[in-house]
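What follows is a short report on a single structure.
Chain letters run A, B, ... following the sequence lines, proteins first, then strands; residues in each count from 1.
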Number of protein chains: 2
Amino acid sequence: MPKKRVLVPFKTGSHDHDRCIDLALAEAESACRKQHLRFTELRRRVLELVWSRHIPMKAYDILDELCRDGRAAAPPTVYRALDFLLTAGLVHRIESLNAYVGCGGPGKPHIGQFLICRQCNAVAEIDAPAITQALTQDAKRLGFRADTQTIEIKGLCSECNVSA
Amino acid sequence: MPKKRVLVPFKTGSHDHDRCIDLALAEAESACRKQHLRFTELRRRVLELVWSRHIPMKAYDILDELCRDGRAAAPPTVYRALDFLLTAGLVHRIESLNAYVGCGGPGKPHIGQFLICRQCNAVAEIDAPAITQALTQDAKRLGFRADTQTIEIKGLCSECNVSA
DNA sequence: ATCGTGTTTGTTATAATATAATGTCTTTGG
DNA sequence: CCAAAGACATTATATTATAACAAACACGAT
């Protein structure tokens, strides 16, 4: 079984976040080229906005930013771009927040598990195949064929834990 | 470690569903009495509607039913009742569907994991402490103190699997 | 019993999230 | 270059959820 990995660690502290963004955009560019998907200016910008912090971004916040860019933008503008990014495996949707985060392991298909800090909203993405498989197995025992998993854990990240 | 349990099995086939409802209402009644919570007529009716099928119910569908009852009802009517039932541990919210299902193990605190059929929408609730604990443990290794978990698996239930 | 207090419900309004439908423009492959 | 498909713009509307305040009700203390 593949080993557990931390796909996106908590990054609440200061770090060179421009590098995170640049890396994500470069990976996206390359992933899209490989799959013959069009990584348009709009999609690139939306992905950049999703990655603008290590916290989930809401669709309407992204919309506001696009408008601030001076771009003609309405809800469908954002939702279409997000759909594309979701389908391309470049972002994940956090169901319990109606919000979106950048995917930490684009290219390699995986089922992400998310840790979400109640306090600072920081999100970490991990990939624990043992859990994925255990769930799939448990489901199978009930005759259920699992195809997608939504796993979102809320709590306090290490920094907020200390300060709480 | 407590053993894995099926709290609510798939019940797509025919069964005496009135018994499911009656049982759920009786358990709710008793749980509320124990905790000195008011199980009002409205709350009882909303719980009954949540349990009306083994599929997730949406807030506005519940609202429609309340109106059909002839009751004065508006969105807050439903959301307040649902909040109460959620807090009392009598229903669960399915985040990925914005919908609600009856809790299969009220009284005993637990973290439910949900299996949701894409085809017929049937939902089963299981309680697999091994998974809950593995996730809590993985989180802990990142300094994250988990307090709630959202686990929702989509796929095909046994019946839909056969007919698909 | 009844008064005061906190809880529950009613009511109106509005916020937040998401999609439908249609037309135009752009890209791409032939 | 042209045709077809894909991407984007635009308008309207559907869906989900909460804020704010008033009225009704339930319960304990007297």
Side-chain angles (χ1 to χ4, degrees), chain A residues 28-29 32-50 55-88 90-101 121 150 152, chain B residues 28-29 32-50 55-88 90-101 121 150 152:
Chain A
E29 185 108 42
C32 286
R33 197 165 10 235
K34 255 181 226 155
Q35 304 177 253
H36 302 291
L37 297 174
R38 294 191 205 162
F39 194 50
T40 64
E41 182 50 33
L42 173 64
R43 291 164 177 176
R44 177 186 197 85
R45 177 64 177 140
V46 170
L47 182 59
E48 187 181 19
L49 289 168
V50 167
I55 64 177
M57 278 291 274
K58 302 222 143 211
Y60 277 70
D61 291 341
I62 292 170
L63 178 54
D64 288 348
E65 292 296 333
L66 292 178
C67 290
R68 218 162 287 153
D69 286 351
R71 188 189 289 267
T77 310
V78 172
Y79 284 105
R80 274 187 307 234
L82 288 171
D83 279 348
F84 170 85
L85 296 171
L86 285 166
T87 301
L90 299 172
V91 305
H92 293 288
R93 177 177 158 84
I94 304 295
E95 297 290 349
S96 60
L97 298 177
N98 297 328
Y100 305 82
V101 293
N121 295 316
T150 300
E152 299 170 10
Chain B
E29 184 109 43
C32 286
R33 197 165 11 234
K34 255 181 225 155
Q35 304 177 252
H36 302 290
L37 298 174
R38 294 192 205 159
F39 194 50
T40 63
E41 183 49 32
L42 173 64
R43 291 164 177 177
R44 177 186 197 86
R45 177 64 176 140
V46 170
L47 182 59
E48 187 181 18
L49 288 167
V50 168
I55 66 177
M57 279 290 273
K58 303 221 143 208
Y60 276 71
D61 291 340
I62 292 169
L63 178 54
D64 288 347
E65 292 296 331
L66 291 179
C67 291
R68 218 162 286 153
D69 285 353
R71 189 189 291 266
T77 311
V78 172
Y79 284 104
R80 278 189 301 231
L82 288 171
D83 280 349
F84 170 86
L85 296 171
L86 285 166
T87 301
L90 298 172
V91 305
H92 294 287
R93 177 176 158 85
I94 305 295
E95 297 290 350
S96 61
L97 298 177
N98 298 328
Y100 305 82
V101 294
N121 295 317
T150 299
E152 298 170 10

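Residues A:L66 and A:L49 form a side-chain contact, since some pair of their non-hydrogen atoms from C-beta on lies under 4.5 Å apart. Using a 4.5 Å cut-off on side-chain heavy atoms (C-beta onward), A:C32 and A:L90 make contact. Two residues are said to be in side-chain contact when any heavy atoms from C-beta on lie closer than 4.5 Å; B:V50 and B:L82 meet this criterion. Side-chain contact check for B:L97 versus B:N121: every heavy-atom pair is 4.5 Å or farther apart.
In this structure, NE2 of B:H36 is placed 17 Å from C1' of C:dG6, rounded to the nearest angstrom. Straight-line distance from the CZ atom of A:F39 to the C1' atom of C:dT27: 17 Å, rounded to whole Å. To the nearest angstrom, P of C:dT17 lies 15 Å from CD1 of A:I94.
To the nearest 0.5 angstrom, A:K58 atom NZ is 11.5 Å from A:I94 atom CD1. Atom CG in A:D61 sits 11.5 Å away from atom OH in A:Y100 (nearest 0.5 Å). A distance of 7.0 Å separates CZ of A:F39 from CG of A:L85, quoted to the nearest 0.5 Å. Taken from CZ in B:F84 to CG in B:L47, the straight-line distance is 9.5 Å, to the nearest 0.5 Å.
Identified under the salt bridge (Lys or Arg N to Asp or Glu O under 4.0 Å) test for residues 91-101 of chain A, with sequence neighbours left out: A:R93-A:E95.
No contact: A:R45 has no heavy atom under 4.0 Å from any strand.
Across every non-hydrogen atom of A:P56 and A:A99, the tightest pair is CB-CB, 3.5 Å.
With DNA chain C read from its 5' end, the first of the two nearest nucleotides for B:Y60 and B:N98 is the one closest to B:Y60.
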Query raised in the report: Where do B:E29 and B:R44 land on the side-chain contact (heavy atoms from CB on, under 4.5 Å) test, with the steps shown first?
Result: CA-CA 8 Å; B:E29 184 109 43; B:R44 177 186 197 86; 2.8 Å; yes

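Salt bridge annotation for B:R45-B:E48: present, with a cationic side-chain nitrogen under 4.0 angstrom from a carboxylate oxygen.
With sequence neighbours left out, A:R71 forms a side-chain hydrogen bond (donor to acceptor under 3.5 Å, both in side chains) with no residue at all.
Note on the helix from C:dA1-D:dT30 to C:dG30-D:dC1: terminal axis deviation equals 30°, with five pairs used at each end and the result rounded to 10°.
Contacts of residues 61-70 of chain A with DNA chain C (heavy atom under 4.0 Å): none.
Protein chain A contacts DNA chain D from D:dG6 to D:dT11, reading 5' to 3' and using non-hydrogen atoms of the protein with a distance under 4.0 Å.
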Pull out every protein N or O sitting under 3.5 Å from an N or O of nucleotides 8-13 of chain C, one pair per line with the distance.
residue	atom	partner	partner atom	Å
C:dT8	OP1	B:R43	NH1	3.2
C:dT8	O5'	B:R43	NH2	3.3
C:dT9	OP1	B:T40	OG1	2.6
C:dG10	N7	B:R80	NH2	2.6
C:dG10	O6	B:R80	NH1	2.9

